[in-house]
Amino acid sequence: MRWSQTLIPTQKETPADAQIISHQLMIRAGLIRQLTAGAYDFLPLGWRALHKAMKIVREEMDAIGASEILLPALQPMELWQRSGRDVAYGENLVKLKDRHGRALVLGPTHEEVITELVQAYVSSYKQLPLSLYQIQTKFRDEFRPRFGLLRVREFLMKDAYSFHAVSESLDKTYDDFYKAYERIFTRCGIPFVVVEAESGPIGGSASHEFMAACTAGEDTILTSDKGNYAANVEKCETGPRAGDLSGAPVGELQKLHTPGLPGIDDVAKFLKTKPKNMLKTLVFSVRNGNPAARGAEDAAGGPPSGPRTENLSSPAYVVAVVRGDHDVNEAKLKQHASAHFRVGHLELIDSAEVRQNWAIGFVGPDEAARRADTVMLIDPDAAQGGFWVTGANEIDHHVKYFNWFRDCGDALANPAKVATADIRNAVDGDPSPRNDGGVLKASKGIEIGHVFKLGTKYSVAFDAHYLDDKGESHPFIMGCYGIGIGRILIAAVESMHDEKGIVWPAAIAPFQCVITPIKYDGEVKAAADALYSQLVAAGVDCILDDRDARPGFKFADADLIGFPVRVTIGDRGLKEGNVEIKKRTATDPEMVAMDGVVQRVMALLHT
RNA sequence: CGGGGUGUAGCUCAGCUUGGUAGAGCGCUUGGUUCGGGACCAAGAGGUCGCAAGUUCAAAUCUUGUCACCCCGACCA
């Protein structure tokens, strides 16, 4: 490729609305351009890098026996109604109507379509297992697109689906995919960690996320310092923590005027204390019914719904109490509410109804203890004696020196009403759930891949069955496996760049090598052309900077884009029969004789 | 969806308070001088000031509406 013949709109200035470094650099290097919120043009260099990543993904998918297909992005709404995900996906589904008024969606993922396909053509255990994959554009009506390619409304994703007769077969395929993903991200040169996502209905560790470790990530991950546990914060459990509601008071209860301060941080500042000395009391209302709104999520969805309460004694509210500096984990809360109180569907809502019944922003645990229609879950770190500031159950008022038993009474001793349980997000420093003395460390990551054991959710919904060797009919057992192709680029740029620009890993660089003639003329031009031909003939992916521009200008562009190797040709070296070769990461170039260039470049690309 | 902000040349922005002929830098074109880490001089091209109504003799500027984009929040009530 000759530079002058393609489109590489580099720019010196950082775009005003790019927040994270990968977004800034990808725009400045001329890889992408935003068309509208959450939708990007891929320009020649960006598309080439994307292609490199796709090639690696394809090779590793093919290597584990998965077959590539292409499914439509345009799908009938009816498919989504059958799986219940028209509701579960909600506003994130891009919906449209054709001229006849038929409801359609632009697919955010393809479980429905693939299940419909396999249902039609696979009917015998002899055809199993079967793994199919595609690389295709997905659509999600993201509530808030942001951070360049990180959160977009239209994006390239590799999604794979496997079909099995028995769960042992799924286990094996799952493991194949897991290992293939490790190879893919390793080959792409991206530092990553694998975290436990969720224990699905099949049991064991049924879901893993592949996270690129970088500070711009939107996901929080926790890793045990013993190196044997890592999980997404949504899923991360903690080792046992002691809670003791019977701790002694340290002072008389005092009511304080805290006008217009419903927030933890504001109150703490106002009262000159710290959030960790406060109790955060959150009111959840309980809704029975409406099962479609839950449990029907996809790979990233919540745990299976607990026993739905039909009995009349079902509480109206669940109150969650955590320390002021902690956050409630809604999945854990649901799980424990279900286990302890047989509460079904929880909603955290800011409705007029809840506001009427509770002094939202100023709620204290004692109110929950008093009310007959309310149950309470307390995090162990909040279930302690000592100094507590919490709500006074009256607008614009808090109390200090709150004590559990003195101020809540014997209701605390009623296990049908109050329980202590791990209901908060894990934080840095928590004990590892492996119970081996490990301590959890928190960090940020970008989710670049996800493997998940689906089970029979979709095969049941679509009557996708096979006949076993006894002639009996069973739904397929399924797995699904996704990789965000664009996120591979983000992860690479986020983790590998310097003050001059991107530092591409050779495997996914738009070009492996740039040839920079100091002046594209005369002997230098002839030498550059010759070298270009030799390198291309040797299979090196090469771009020739044939622009009539000053050297400094070309060097700056080359560094900004981040080609792994630069070959510089000028009069000075050429007199001695030499050219300069410089790795992007090296500070100084090395002089190499013309006839050794190809060999040297190839050697550098493989180190 | 709530709050905030911004829409003026391809890009980054000034001008708006106090209405009166559309601006700068970068980029682009032409010519010249340059030429090993984002050159310099000169001459140019390029804008329905997001869109629509309104006020006014006159609107980028004031008013209203609307659209787009960005940020923060929405699980710290």
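Every chain is numbered from 1 and lettered A, B, ... according to where its sequence line falls, protein lines coming before strand lines.
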Worksheet item: Between A:Arg550 and B:A39, is there a side-chain N or O to OP1/OP2 distance below 4.0 Å?
Response: yes

Worksheet item: Is any NZ, NE, NH1 or NH2 atom of the basic residue among A:Asp529 and A:Arg2 found under 4.0 Å from an Asp or Glu carboxylate oxygen of the other?
Response: yes

Item to complete: Using the C1' atom as the reference point in each nucleotide, state the distance between B:G36 and B:C69 in Å, no decimals.
Response: 42 Å

Practice prompt. Inspect the surroundings of CG in A:Asp571 and state if more than 12 heavy atoms from other residues, nucleotides or ligands are less than 6.0 Å away.
Written response: no

Worksheet item: B:C69 phosphate, OP1 or OP2: any side-chain N/O from A:Thr36 under 4.0 angstrom?
Response: yes

Discussion item. Nearest to the A:Lys582 side chain among B:G36, B:G38, B:G37, which nucleotide is it?
Written reply: B:G37

Worksheet entry | Pairwise P distance, B:U12 and B:C70 [rounded to whole Å] | 13 Å

Fill in: Rounded P spacing from B:U61 to B:U6 in Å
15 Å

Worksheet item: Which whole number of Å gives the distance between the C1' atom of B:G54 and that of B:C75?
Response: 45 Å

Discussion item. If I pick the C1' atom on B:U34 and the same atom on B:A42, what distance separates them, to the nearest angstrom?
Written reply: 15 Å

Discussion item. Tell me whether the side-chain N or O atoms of A:Asp571 pair up with the base of B:G36 as donor and acceptor below 3.5 Å, since no angle test is needed here.
Written reply: no

Discussion item. By nearest atom, which of the nucleotides B:G36, B:G38, B:A77 is closest to the A:Leu282 side chain?
Written reply: B:A77

Worksheet item: Taking the side chain of A:Ala37 as heavy atoms from C-beta outward, which of B:G37, B:C70, B:C35 is closest to it?
Response: B:C70

Discussion item. Closer than 4.0 angstrom, basic N to acidic O: yes or no for A:Glu523 and A:Lys575?
Written reply: no

Worksheet entry | Minimum-distance nucleotide (side-chain atoms of A:Leu560 versus B:A77, B:C75, B:G38) | B:G38

Item to complete: Once you apply the 3.5 Å cut-off to both distances, tell me the Watson-Crick or G-U wobble partner of B:G36, or none.
Response: none

Discussion item. Under 4.0 Å, counting only non-hydrogen atoms across every strand here, what does A:Asp557 touch: a base, just sugar-phosphate, or nothing?
Written reply: base

Worksheet item: Which is true for A:Asp559 with a 4.0 Å heavy-atom rule: it touches a base, it touches only sugar-phosphate, or it touches nothing?
Response: base

Discussion item. Let's test this: given Watson-Crick or G-U wobble pairing with both distances under 3.5 Å, identify the partner of B:C75.
Written reply: none

Discussion item. Under a 3.5 Å cut-off for both contacts, is B:G31 paired Watson-Crick or G-U wobble with anything, and if yes, with which nucleotide?
Written reply: B:C41

Discussion item. For B:U6, give the paired nucleotide (Watson-Crick: N1-N3 plus N6-O4 or O6-N4; G-U: N1-O2 and O6-N3; both under 3.5 Å), or none.
Written reply: B:A68

Practice prompt. Before accepting this row, confirm whether a basic side-chain N of the pair A:Asp325/A:Arg323 lies closer than 4.0 Å to the acidic partner's carboxylate O.
Written response: yes

Worksheet item: Across all strands, who's sitting opposite B:U48 as a Watson-Crick or G-U wobble pair, both distances under 3.5 Å?
Response: none

Worksheet item: Looking at A:Arg370 and A:Asp366, does any basic side-chain N land under 4.0 Å from a carboxylate oxygen?
Response: yes

Worksheet item: Between B:C35, B:G36, B:C26, which nucleotide has the shortest distance from any of its atoms to the side chain of A:Thr568?
Response: B:G36

Practice prompt. Remember a base hit wins even if backbone is also touched, and classify A:Arg424 as base, sugar-phosphate or nothing at under 4.0 Å, heavy atoms.
Written response: nothing

Item to complete: Select one nucleotide: of B:C71, B:C69, B:G36, the one nearest the side-chain heavy atoms of A:Gln19.
Response: B:C71

Worksheet item: Closer to the 5' end of RNA chain B via nearest nucleotide, is it A:Pro15 or A:Phe362?
Response: A:Pro15

Worksheet item: Does B:A60 have a Watson-Crick or wobble partner in any strand here, with both distances under 3.5 angstrom, and which is it?
Response: none

Item to complete: Quote, to the nearest angstrom, the P distance that separates B:C71 from B:A77.
Response: 24 Å

Discussion item. Just to be sure I understand the rule, does A:Gly570 reach a base, reach only the sugar-phosphate, or reach nothing, if contact means heavy atoms closer than 4.0 Å?
Written reply: base

Worksheet entry | Among A:Arg550, A:Lys500, A:Arg547, salt bridge (charged side-chain N to carboxylate O under 4.0 Å, His left out) partner for A:Asp557 | A:Arg547

Worksheet item: If you pin A:Arg566 and A:Arg33 to their nearest nucleotides in RNA chain B, which one's is more 5'?
Response: A:Arg33

Fill in: Check ion pair A:Arg584-A:Asp498 (N to O, under 4.0 angstrom)
yes

Worksheet item: With a non-hydrogen cut-off below 4.0 angstrom, is A:Lys519 in contact with a base, only sugar-phosphate, or nothing?
Response: base

Discussion item. Give me the distance, rounded to whole Å, that separates B:U8 from B:G50 when you measure between the C1' atoms they each carry.
Written reply: 10 Å

Worksheet item: Would you say the side chain of A:Glu13 and the base of B:G25 hold a donor-acceptor pair, judged only by whether the two atoms sit under 3.5 Å apart?
Response: yes

Discussion item. Applying the side-chain hydrogen bond (donor to acceptor under 3.5 Å, both in side chains) criterion to A:Asp379, which one of A:Lys280, A:His336, A:Lys332, A:Arg241 satisfies it?
Written reply: A:Arg241

Worksheet item: Quick one: is A:Gln34 getting a side-chain N or O under 4.0 Å of the B:C70 phosphate, OP1 or OP2?
Response: yes

Discussion item. Categorize A:Ile518 for me: base, sugar-phosphate, or nothing, with a 4.0 angstrom heavy-atom threshold over every strand shown.
Written reply: base

Discussion item. Would the base of B:G36 count as contacting A:Glu580 through its side chain, where contact means a donor and an acceptor less than 3.5 Å apart?
Written reply: yes

Worksheet item: Considering only the C1' atoms, how many Å lie between B:A24 and B:A14, rounded to the nearest integer?
Response: 7 Å

